[in-house]
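The structure appears below as structure tokens.
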Amino acid sequence: MMNALASLDWFLIATSLAKTVFLLFLVVLPMVSYTVYAERRVSALIQDRLGPNRVGFPTTLLGLKTDISPFLGGLGQPIADAVKLLLKEDFTPAHVKKFYYWIAPGLGIAAVIVTLAVIPFGSSFLGVPMVIANVNVGPLFIFAISSLSVYGIVLAGWSANSKYPFLGGIRSSSQMISYELALGLSVVPLFLILGRLNLPEIVQYQVKNGWLLLPFTDGKLTLKEVLLWIPVFISFVIFTISLFAETNRLPFDLPECETELVAGYHTEYSSMKFALFFLGEYAAMIAGSSLVVTMFLGGWHLPFIPDGANQGGLDFLHAVPAWIWGIVNITVFFGKVAALLFFFIWVRWTLPRFRYDQLMRLGWIYFFEIAFINVILTAGILAFFPN
Amino acid sequence: MAYTVPRPKLTLAEKFYLPQVVAGLLITWKHFKNMLLGRTKIIMQYPEEKWDASMPSYYRGAPTLVRDEHGRERCVACQLCEFICPPRAIRIKPGEIPPASKWAKVEKYPEEFDIDMIRCIYCGLCEEVCPEQAIFLRKDYAITGLSRSEMIHNKAKLYELGGVMDGVVNKWNPKK
Amino acid sequence: MVNVQIDGVWMQFPKGTRMIEACTQAGKFIPRYCYHPKLSSPGNCRMCLIEMGMPKMGPDRKPVLGADGKPEIAWIPRPQISCAQDIAEGMGIRTSSPMVEDCRKGVMEFLLINHPLDCPICDQAGECRLQEFSVEYGNAQSRFLDQKVKKPKNVELGPRVTLDAERCVLCSRCIRFMKEVANDDVLGFVDRGSFSTIACHPDRQLDSNYSLNTVDICPVGALTSSDFRFKMRVWFLKETKSIDVNDGLGCNITIGSRENIIYRITPRENNDVNSCWMPDSHRLNFKYLHNERRFLGPQIKTGSSLAPVEWPVAINRAAEQLKKYALTSSLAMIASARMTNEELFLVGRLAKALGIQKFDVLPRVGEADGILIPADRNSNTSGAKLLGLTGERPGARLPEIAEGVRTGAIKALLCFEDATRCGISETDLAKLESIVTMDILPNKTTALASVVLASSGFAEKRGSLININGRLQRLNRAISAPGEARDDWEILRDLIQAVSGSNGIYMIEDVFKQMAEEVSAFAGLSLSKIGDLGVQLLSGDGKAAERLDADQPVAKTPTA
Ligand code: SF4
Ligand code: SF4
Ligand code: SF4
Ligand code: SF4
Ligand code: FES
């Protein structure tokens, strides 16, 4: 017993916990709330409106002279929203299947949050690698876990025991299953090229050889790289679009398509249970974007910037303490994620919704085939240029 | 007879769909950018600035009841507005005017007249249908309340909002 | 059969059909004010003008046949009224020729000359013939420049009828009704020309028990019901076809209700029962359904007063108390000849399950008025007899029960009437160990009861009744019972279930089905097969009648 305890790596446990808390509560959850805020603001700006621009911080309540509001207008909105959602009546309709109705929102968000564990969100900080679980099957783990989140939706739709949620649940499961195929297949070329499935190592590879999507970021370009760029680009496009479908974002938000299904699978939910679905959806966007950043856009790496151990980058920057670069790397990573999130939002307020049959055809007939051919193409290129 | 809507022939680029997506993204980007840089004109900051002064006389605000120039309530409780109101916001309890009243010859009046402003959609059909020109949509539009009951305008409130309307149909008043 | 050409189409009608009826049957509705199929035809409104022709006669006094082999018609160049003349062989009628349309426009313009702009305050609006025909033939603008004639308004013609003489179109329907049907000739016209006015005999009032029928047949809003006046616009009323329960005849009625409140009851045409009429006393007798003292749920006696309880508690308590005396002679039952057949059938079952030997119904007898009100004031005496809840002479066993209660031989009473009206005094009633009663309003018996089961009124339930002439008719639900009060048959079903176990009854249709299996007179019928106009179930002497009309034809188009 004592041996078992002693053999535990307490340092690993402590740092993992610290990283989990940091990532979840200080980064992802605030990011989710502010993504919702950004969604509202960006959509407003796109539509020539202002959006939520009023909720400030009522600092007068704390005894200060003025409220903080004019300049940071609206930044208090997510807090107000959260408070509202927490205080709303948590209503459970009489006709639902209680047990499943209660666990469905939790299932939905839990699956998404777990996937964040394998994402390297920074290089290293004071010698600690900035990834919670350094596993060798990163992307597979993510696909496996995130496909579980469909259970949350299916259960929500089914347990609500009413027609719209049910239809929403059915749609969503078939949609997610369809697009998971394309999603999984589209990244196979990457693994052919990289030859590994460990996400931190994938980032390391990109630090050395240039980002996969932008292979010139290391300053040199070979013919093989140029040729490989084509399948990588196709992969990137298919992966990103499938991600839209996978996270139920417009133009693929059929499961909760308001005009047909009221609010889809979460029609019968209110208060925090509804909010969990909401959060889950945005968390899924963040997780998906993180994956894209890690696999295609060089993860935490920015050209000329050293990593958390003060390696690489421009030499004169090494004068700055390494931990600062650790922080910079983390910031860079989330900056890239934020840019992708903006793209998500931008697309949502540009494109109309697909019809369901179009959605299915796109998934099964086009993306699946293209991704498949892409694998063969990559394999061919790799076979002709064996280094 | 079945009619097939002709579909436009798509060029290859259009079939690909992506150029159109990009074009769409550029359009929204333009709006986003202009708004962000303050190039789009913001018309009005609502609660601080109001457009009450420039509101046209036919503005469709809250429905109200009006009296005529003699102070007679114009409504005779015909309940046509109650019937026409699409969201069924109006509730009327008709009654008989007591014979002692100066307006006994009108015979009928609304004992109770409630408009549920939570339901009202400001469509103006009540004003249009009223044969006595007794109900008008006036300029009040910011109707708020803290409870449901507060949002139900009763007769007193409706007359308070409506005031007097003259110069309309006048069949009950004695000719000179 | 007589051949008639209506708007160019040859048709056949039985001899003696009025032209206006023939046109209606041919699907050409002729506007009319004064014509009413149940009254004589004075032909004084001129609204029913049509163009008419007779077969052209050759020199041989034979009709000249046209190319199609049918007689050629010689059209009369003047319009004719269609309401006062029967059809004849070879006759031609045009109901929508330019001349006819012109005539109708002209008549309408005359009628509207002095008509007030009262529609917003007129109770007839929405079912007003003048409004309807104005839409079709009226002019939006009046050409009449002078002052309109003023006539008395808001006049109380009688205790139940209010007159607005300005709205009267002088059709004389009301006059003829009072004279020909109500046998009380109190109405008439006075003055002349534009000043002609309907009026009551100076020493009399329009106070016949049938006066409200004049309101029904008045095509305009001149006669209005003082009771219904200004209560609700007719277009809001949900119309439920049902029957009257105030006497043994069961006049067919239409219940007008809005949001669970009954506003008025009007007669419905059924030529086998009540023609187009019904007595005022019956049609106004619905207010008790909205009495605020109605039982809103079951109550049981706790201590000395009644306290509301949940249904299962009340049913169990009732079953418990009844079972205590079951199969002994100390339990008696007073059923009601106002219950529906379904309820009586279940009551019979309950009595059998409890082994009750002493039971009867309360007879109610009044004076027959020779028109529509029979002596029997119970709505289902025939049903009670048929289902064996009473003998040939209803109420014959009541004295026996009263005596038993007085002497103490009877200790428990299951009671569906106010027992104090059955010859049992209140003091005797108070001596009983247990009274289970079912009612809608408190009375002396419910005050003393140990269990009160809150049931539904006639407009709140479905069921069937058999009238004094053996006609099976149907009650329909217009409004829902207040509070927790339930359908009588449901209560009885639960009671039987609590006393003797499950019985496979879930809907009122099931009750009727089981009843039809057990009682041969109902064989082959169901609630829906009864139809709106009823089925002749028994002949006048109580024997099963030849049921020719079991499958009702669709209700005839209303003629009024
Ligand atoms: S404005 Fe329209 S919705 Fe509002 S009360 Fe009038 S009819 Fe009803
Ligand atoms: S329509 Fe006019 S007169 Fe009729 S009830 Fe409404 S407000 Fe009164
Ligand atoms: S009688 Fe008919 S037309 Fe005349 S006021 Fe009444 S509803 Fe209007
Ligand atoms: S009161 Fe009515 S029924 Fe009587 S004559 Fe006048 S319009 Fe006809
Ligand atoms: S209906 Fe024929 S004249 Fe009146």
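Only heavy atoms go into these numbers, but all of them, side chains included; no hydrogens, no water, no symmetry mates. Lettering follows sequence order; numbering is per chain, from 1.
Rounding to the nearest 0.5 angstrom, the gap separating the CD atom in Glu112(B) from the CD1 atom in Ile92(B) is 11.0 Å.
For Leu351(A), the part lying under 4.5 angstrom from a heavy atom of chain B is the side chain only. Trp349(A) touches chain B through its backbone: at least one of N, CA, C or O sits under 4.5 Å from a heavy atom, while the side chain does not.
Distance alone, capped at 3.5 Å, is enough to place a donor-acceptor pair between the Arg138(B) side chain and the Gly162(B) backbone.
Here Trp51(B) and Tyr59(B) bring their ring centres to under 6.0 angstrom of each other.
When the candidates Leu18(B), Val21(B), Leu36(B) are compared by the number of heavy-atom contacts under 4.5 Å with chain A, Val21(B) comes out ahead.
The heavy-atom pair separating Pro110(B) from Phe113(B) by the smallest distance is CB-CD1, 4.0 Å.
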